[in-house]
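Notes follow once the structure below has been shown.
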There are 2 protein chains.
Amino acid sequence: MELSERKEKILRAIVDDYIMSAEPVGSAYILENHELGVSSATVRNEMAALEEAGYLEKPHTSSGRVPSVLGYRTYVNSLMKEYSLTLNEMAHIRNALAHQYMEFDKALSSISEIVSFLTNYTAVFTTPVSSKYNIRQIKLISVDPQSFVMIVVLNEGVVKNRTMRVKKPYEAEVLDKLSNYLNNKFAGINLNALTDDILDEEKALVPVESYILDMIFDFISELAKDTEDYNIVCSGTTNIFNHPEFNDINKTKDFLNFVRSGNSGEIKEILKKASSNAEPSVIMGDDNPLLKEHGLSMVVSDYSLGNDLKGKMAIVGPTRMDYAKVISTLNYMSQHIKGLIGETDENTDK
Amino acid sequence: MELSERKEKILRAIVDDYIMSAEPVGSAYILENHELGVSSATVRNEMAALEEAGYLEKPHTSSGRVPSVLGYRTYVNSLMKEYSLTLNEMAHIRNALAHQYMEFDKALSSISEIVSFLTNYTAVFTTPVSSKYNIRQIKLISVDPQSFVMIVVLNEGVVKNRTMRVKKPYEAEVLDKLSNYLNNKFAGINLNALTDDILDEEKALVPVESYILDMIFDFISELAKDTEDYNIVCSGTTNIFNHPEFNDINKTKDFLNFVRSGNSGEIKEILKKASSNAEPSVIMGDDNPLLKEHGLSMVVSDYSLGNDLKGKMAIVGPTRMDYAKVISTLNYMSQHIKGLIGETDENTDK
DNA sequence: TTTAGCACTCACGGCTTTCGAGTGCTAACA
DNA sequence: TGTTAGCACTCGAAAGCCGTGAGTGCTAAA
């Protein structure tokens, strides 16, 4: 159904107001806040029509109107006015990105923190994965006479390590030899190519006690599996307390369990399914049964950094979400995050 | 004030019952659940005396009694019966400790997860720090023609790394040389000894472009600062929904903000101040104004792993906490956590 | 010192009442 | 035909009002 210009105006006004106030909005309230040049009775008639057409809903007979999912969708797709980040907000984001972090995970959670802070909703990031991880270098380094740490450097500067303990003291040369052997054998190889079969085959050729090889090859094998999958970083969960739809303790409980289920969980599934899109896209209502069940919406966007690392970031919140602001924030973030890895030259003067 | 044996018995009964039920306990209720051999009137008299002496409180005139802080303290110090972990619970802990983790942080949060799961409260761990970190090895590894990753291995198998990008492509030999130089210079040195002054002095001697050296020495310098301080890992925050004192949305909000303030925050301060004690110790009420304000208690215990890494772990919950169970759980954990680092030989057969 | 008995207190849940924001409908008007 | 003033109606939310019952403290007798 095509909406008349006036209907569009009214629908936009209702969604805007409802997003601000969280209260069902009535005809009089609209007139106060928007220049429409008609009376409340006319607005009521139009609202009745919009309800009839499925854009609005009434919590009960004598209350104001609330946008339906269709209403929100129309709003997001064509009615909403773009939100421009303030200079302050942009600065926040750039600062977070310019900072030098001790570990990559820290960086990711800081960034997630910023996004949730700016939007006032909950932010969820996936750790980035590469489609073509390969091993750049392997090194075994002695920690004490009976333990060493195995370090694997992947492309994009990803570093993985694990400490291993052996049953009796080893000679320094033995460790070096093994280190060189592994490095020669595996450097340059794509992780995906390292199936367990190939590893087993390889293992049979090395003249070292088998339990040590088990540890080493287990690590490599897990690495291959681990890097295929991503993890979830989530922050700003307590922001929901700022939104009245979560004044009910059970809703809050529900939300936190949903969102903090993290890696094992439902959020991950939703992100996995979400289509890859550099532009932020909105998932709500019928798009996903889980979100519908919890009365939530998500705005999801891809991000990429370095040469080949890609991940997703999302904002989770009530369906009554400030989509304009959320979308702008994710947009700005995804445009600027690219240089997070390695690009240190810009901020050495700071 | 010395308590008669019967008063002790009654106080213990009240605290036990209250911990279970979260309801003020009345004289009749006690008689039902405990063998006292006296009438409810007698119990009432004793309760009045215990209240007079400050061990009990009444929410209002005609309600049952609730333990006061003094009551809890007496209970914890001398009345409480020790809780024995079930075989199942012990197995949970041992499994978590036996598992091989990709990264140390993951291990810590898994362990924290287990502790919060078993106790049904919120667990807070500090990342472990060593009093004498020293550098075992430094290595620069090429990632692409214009970036490399700097890896620093500390004792106890702690690995830190940062990716660095340079303005123009470098020669492989230059990187190797620099890598060797750094390694020769710093391997074996205690991190605490590396003040900024010393680093600056050293920096002047190296014939490499200064912005690159800045990046490298900044990293080392931050490393020294970073390892002095610890971070906070926290899990099981949603467990509070299982306790009726948090049925009030504001209490819950308050609690989550308190506990998730994490690194910037109050919890960290409390843990810092907590006396070092291998045995779990209880902090509540007047011990700490912050906890008092939020109506919370903590049980804190040290843990140590490897040869020289030490941290603290704590359970945060309502003052009405199952202290016996929490203490036993932390005890068991701190006894078994020691081998988390490196001790892989026990579970290769699994 | 203990205990039976009893009057008293007070939070809690359920019920009713009141209030008001907001509606839909009708009839008049442009 | 579209707009608007007017009005009766609806219904949720807040406030007020018991009745109930768990639990107490006190008194007097054992």
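Residue numbers begin at 1 in each chain, while the letters A, B, ... track the order of the sequences.
Note: B:F246 and B:F241 fail the aromatic proximity criterion, with ring centroids not under 6.0 Å apart.
Relative orientation of the B:Y121 and B:H243 rings is parallel, given thresholds of 30° and 60° on the angle between their planes.
A salt bridge links A:R73 with A:D287: the closest approach of a Lys/Arg side-chain nitrogen to an acidic carboxylate oxygen falls below 4.0 angstrom. A salt bridge links A:E51 and A:R65; the closest N-O separation between the charged side-chain nitrogens and carboxylate oxygens is under 4.0 Å.
Rounding to whole angstrom units, NZ of residue B:K58 and P of C:dC10 are separated by 10 Å. At whole-Å resolution of the value, OH in A:Y18 and P in C:dG22 are 14 Å apart. When the C1' atom of C:dC8 is taken as reference, atom CZ of B:R44 falls 13 Å away, rounded to whole Å. Atom-to-atom, CG of A:L56 to C1' of C:dG22 comes out at 14 Å; the value is rounded to the nearest Å. For B:L31 and C:dT2, the CG to P distance is 14 Å, given to the nearest whole Å.
Residue-to-nucleotide proximity on DNA chain D shows that, of B:A41 and B:S62, the 5′-proximal contact is made by B:S62. Nearer the 5' end of DNA chain C, as judged by each residue's closest nucleotide, is the contact made by B:S40, out of B:S40 and B:P59.
Among residues at least two apart or in separate chains, salt bridge (charged side-chain N to carboxylate O under 4.0 Å, His left out) pairs with a member in residues 39-49 of chain B are B:R6-B:E46, B:K7-B:E46.
The heavy-atom pair separating B:A274 from B:K312 by the smallest distance is O-NZ, 2.8 Å.
Of all nucleotides in DNA chain D having an atom under 4.0 Å from a heavy atom of chain A, the first and last in 5' to 3' order are D:dT3 to D:dG12.
Listed pair B:T61 / C:dC10 meets the phosphate criterion, a side-chain N or O lying under 4.0 Å from OP1 or OP2.
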